[in-house]
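Here the structure is laid out as structure tokens; the discussion comes afterwards.
In what follows, chains carry the letters A, B, and so on, assigned in the order in which the sequence lines appear, proteins first and then strands, with residues in each chain numbered from 1. Computed from a predicted structure; not experimentally measured. What you see below is based on every heavy atom in this structure, not just the backbone, and it leaves out hydrogens, waters and symmetry mates.
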4 protein chains.
Amino acid sequence: MALDKKNSQKYQLIIDAAVRVIARNGYHYAQVSKIAKEAGVADGTIYLYFKNKEDILVSLFRMKMGAFISAIEKRMTTCANAEEKLQQIVDMHFTQFSAQPDLSVVMQLEMRQSARDLRLQINEVLKMYVHLMEDVIETGKEEGIFSPHLDEKLGRQMLFGTLDEMVTNWVMKDRKYDLRTLSNPTFNMLLAAFKDDGS
Amino acid sequence: MALDKKNSQKYQLIIDAAVRVIARNGYHYAQVSKIAKEAGVADGTIYLYFKNKEDILVSLFRMKMGAFISAIEKRMTTCANAEEKLQQIVDMHFTQFSAQPDLSVVMQLEMRQSARDLRLQINEVLKMYVHLMEDVIETGKEEGIFSPHLDEKLGRQMLFGTLDEMVTNWVMKDRKYDLRTLSNPTFNMLLAAFKDDGS
Amino acid sequence: MALDKKNSQKYQLIIDAAVRVIARNGYHYAQVSKIAKEAGVADGTIYLYFKNKEDILVSLFRMKMGAFISAIEKRMTTCANAEEKLQQIVDMHFTQFSAQPDLSVVMQLEMRQSARDLRLQINEVLKMYVHLMEDVIETGKEEGIFSPHLDEKLGRQMLFGTLDEMVTNWVMKDRKYDLRTLSNPTFNMLLAAFKDDGS
Amino acid sequence: MALDKKNSQKYQLIIDAAVRVIARNGYHYAQVSKIAKEAGVADGTIYLYFKNKEDILVSLFRMKMGAFISAIEKRMTTCANAEEKLQQIVDMHFTQFSAQPDLSVVMQLEMRQSARDLRLQINEVLKMYVHLMEDVIETGKEEGIFSPHLDEKLGRQMLFGTLDEMVTNWVMKDRKYDLRTLSNPTFNMLLAAFKDDGS
DNA sequence: CATGAATGAGTGTTCATTCAT
DNA sequence: AATGAATGAACACTCATTCAT
């Protein structure tokens with residue numbers, strides 16, 4: 001029987017080791033051997049669970065971002081309308097990164113140093129998030145809460161670009177302030193932008 | 001007289017060659033020897049004008065981003081108020097990247113793969129842009145055009161994050177559409193966000 | 001278990017390959033890749049056993065000179081007095097170099113081209129030889145065989161300088177004569193110098 | 001008319017610059033450009049007076065060692081017999097190095113790092129010194145002062161090896177003691193060795 | 001399943017030398 | 001005679017990946 005990779009204990013062990021090693025040393029100093037050592041396995045063992053180094057990173061992103069998005073999706077179901085949904089996206093985006101400092105560094109700074117190929121795969125994972133955001137905007141338009149002229153794609157790019165830039169700035173400032181306090185003012189700006197797109 | 005590096009013809013030659021080579025091959029395949037060949041000089045000549053490879057990239061960014069921001073600053077002087085200034089920022093941000101496809105790829109995709117050290121230097125250059133944006137927001141508040149509750153930093157992060165995300169998406173879609181058509185709707189969204197921040 | 005470097009077979013293999021490559025090509029043409037090829041290992045393997053290129057040379061010197069001196073020390077124990085000990089030093093110095101032509105070239109000619117740093121480390125190893133020589137001189141004085149006015153340091157410098165110069169001349173003359181025939185006349189000169197230092 | 005190299009002012013200027021640069025920076029950091037700068041000429045000018053870098057070093061050695069040996073030869077003429085001549089060799093060898101600290105470092109430490117080829121040329125220059133030494137020994141034998149069994153070559157190797165080792169030790173100890181005080185005891189040891197070679 | 005020793009491709013940088021001015 | 005900008009060959013070292021045990 002083939003190795004049931006994804007559910008194996010070691011698979012998780014290695015991914016979590018990778019997050020710590022990258023956060024601590026930076027992307028360029030996160031050698032496979034260092035990750036193996038941190039995970040407490042032999043170098044070769046890594047290759048029983050991952051195709052190659054890039055696969056560790058893609059998997060890392062897939063697992064962590066998957067959980068990240070799932071948490072948001074789950075919360076969506078409790079929301080009465082698109083406005084609340086937008087608020088939850090902003091709030092949970094900030095809250096989840098706040099709770100995982102190592103992961104924040106890895107996602108916002110280190111993984112962006114990856115090669116073009118890797119980033120294409122990252123984008124695949126992010127599509128889930130993109131769809132979720134565009135769905136909310138579409139819903140808001142249907143509900144009459146957002147402007148009928150609001151373009152889903154543009155709105156989503158503003159939403160994602162804004163949140164991403166804010167988290168990146170927070171990480172670059174060494175997380176010296178509480179990211180969650182930005183939640184409300186950011187939500188308000190976005191809501192205003194979406195309600196009245198000025199046309 | 002010693003080599004007047006920055007103003008020499010070769011200095012520019014090498015930087016422009018670097019833009020083309022990085023755009024064509026990607027950051028990781030942009031070897032110094034390849035840049036030298038593209039510039040039509042010997043490998044060693046590179047080191048008469050640049051301290052090392054990283055210095056080429058920092059200089060590239062400084063020169064190109066400097067010109068980019070200067071052009072916007074110059075345009076600012078022709079604007080009657082903050083609203084017009086905001087419009088010009090959005091418009092020129094998109095227009096300038098539209099006009100320089102190679103540079104767009106380098107700035108939005110390739111240079112972000114650079115090591116942490118390099119990115120710290122990049123951020124220094126970007127500070128000019130940051131100040132310019134925050135100045136416009138402050139002016140808008142003084143003029144009563146933007147909401148008095150608008151936070152300069154948050155507003156700037158939304159502005160930059162939005163523009164950056166839009167250009168990145170455009171580059172990733174292989175520049176298949178006209179970036180400049182996004183100018184107006186984007187400006188309108190941002191203006192709405194800044195006018196009424198919802199408080 | 002971690003790689004037991006010093007005692008591994010490959011460690012010796014590489015050092016012996018280095019001796020041959022340096023003797024054959026000269027110090028400046030003894031590239032790491034050439035040594036690896038001669039040893040029948042990959043370039044990278046070298047770095048599992050040695051910190052860097054300089055470390056190969058220091059280790060080479062330490063191993064070979066260590067064995068060289070140990071052999072002399074061992075012989076010392078069979079000697080009745082300082083005169084015999086002096087004779088054994090001279091004799092074994094010449095005999096051991098005679099038996100290892102490649103090593104002679106490396107020690108007398110090639111390794112002296114090394115950088116200052118390396119030579120400091122070499123001197124550390126040579127201290128053992130220095131002490132051995134000075135001990136013999138001191139013993140000789142106590143036994144009344146050598147002049148009571150003989151200075152240990154000066155005597156040692158004459159002893160080492162003489163032997164070293166003779167081996168160097170022999171190597172430079174392409175080892176065309178039998179070094180061991182110099183043993184007796186050299187010993188006699190040194191003995192005369194040490195017996196009656198003229199004061 | 002061809003450049004009268006050897007007698008030109010710049011020729012000397014460059015050689016003296018080389019001595020200072022090598023003494024100060026070490027052989028491996030004595031780049032041609034650094035020597036040119038120290039001499040106050042352009043890099044290219046060096047090549048009007050010297051064939052290549054090695055030629056600077058050989059010329060340096062030839063000039064300095066030539067003067068060194070000439071001074072000894074001149075003194076020889078004032079000596080009544082071989083014993084006095086031997087004394088003068090030892091004394092002047094130490095005295096001259098004492099008086100030229102930079103040159104001592106260059107001759108005893110730095111130039112020995114040179115490639116094999118260079119050292120062959122150095123040996124050519126040293127032959128003058130070798131002959132001078134062997135002549136003194138031969139004279140001493142004829143005068144009945146030295147043992148009739150003394151081998152000229154061996155005696156010369158002891159003489160040169162001893163002096164050389166002593167100067168090298170002095171340089172390596174950062175010239176912390178007065179080299180000239182070694183003159184008498186060293187002479188006495190050598191004289192004893194040459195008088196009675198033990199046969 | 002697990003190990004870890006071995007592999008070998010790939011590249012930024014220096015510096016002696018040249019030659020157009 | 002003198003300059004100094006330009007040249008380009010040469011090389012130590014890292015690290016992702018493999019595979020015999």
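- Checked for salt-bridge contact, R62(C) and E124(C) miss the test: no charged N lies under 4.0 Å from a carboxylate O.
- Per the geometry, CG belonging to N25(C) stands 15 Å off C1' belonging to dC11(F), to the nearest Å.
- Within 4.0 Å (heavy atoms only), K34(B) reaches no atom of the nucleic acid at all.
- One finds a salt bridge joining K64(B) and D16(B) here, because a Lys/Arg side-chain nitrogen approaches an Asp/Glu carboxylate oxygen to under 4.0 Å.
- The closest side-chain heavy-atom distance from Y47(C) to V32(C) is below 4.5 Å.
- Counting to the nearest Å, the P atom of dA2(E) and the CZ atom of F50(A) are 13 Å from each other.
- Remark: C1' of dA6(F) and CG of L13(B) are 14 Å apart, rounded to the nearest angstrom.
- To the nearest 0.5 Å, atoms CE (M111(C)) and CG (L57(C)) are separated by 5.0 Å.
- Where T45(B) and Y29(C) meet DNA chain F, the nucleotide closest to each residue was compared, and T45(B) sits on the side nearer the 5' end.
- Within the 4.5 Å cutoff, the side chain of E54(C) has heavy atoms near those of the V58(C) side chain.
- Across all strands shown, dA2(F) forms a Watson-Crick or G-U wobble pair with dT21(E), both key distances being under 3.5 Å.
- Residue Y49(D) contributes atom OH, which lies 13 Å from atom C1' of dT3(F) at whole-angstrom precision.
- To the nearest angstrom, P of dT13(E) lies 22 Å from NE2 of H28(D).
- I14(D) CD1 to I56(D) CD1: the interatomic distance, rounded to the nearest 0.5 Å, is 7.0 Å.
- Distance, K37(D) NZ to dG4(F) P: 12 Å, rounded to whole Å.
- When side chains are defined from C-beta on, E38(D) counts as touching R24(D), because their heavy atoms get closer than 4.5 Å.
- With DNA chain F read from its 5' end, the first of the two nearest nucleotides for A42(D) and I46(B) is the one closest to A42(D).
- dA12(F) atom C1' lies 10 Å from atom CD1 of I56(C), rounded to whole Å.
- Atom-to-atom, CG of L48(C) to C1' of dT7(E) comes out at 9 Å; the value is rounded to the nearest Å.
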(request) Classify every nucleotide of nucleotides 16-21 of chain E by which part a protein heavy atom approaches to under 4.0 Å, writing B for the base, S for the sugar-phosphate alone and - for neither, in 5'-to-3' order. (result) SBB---

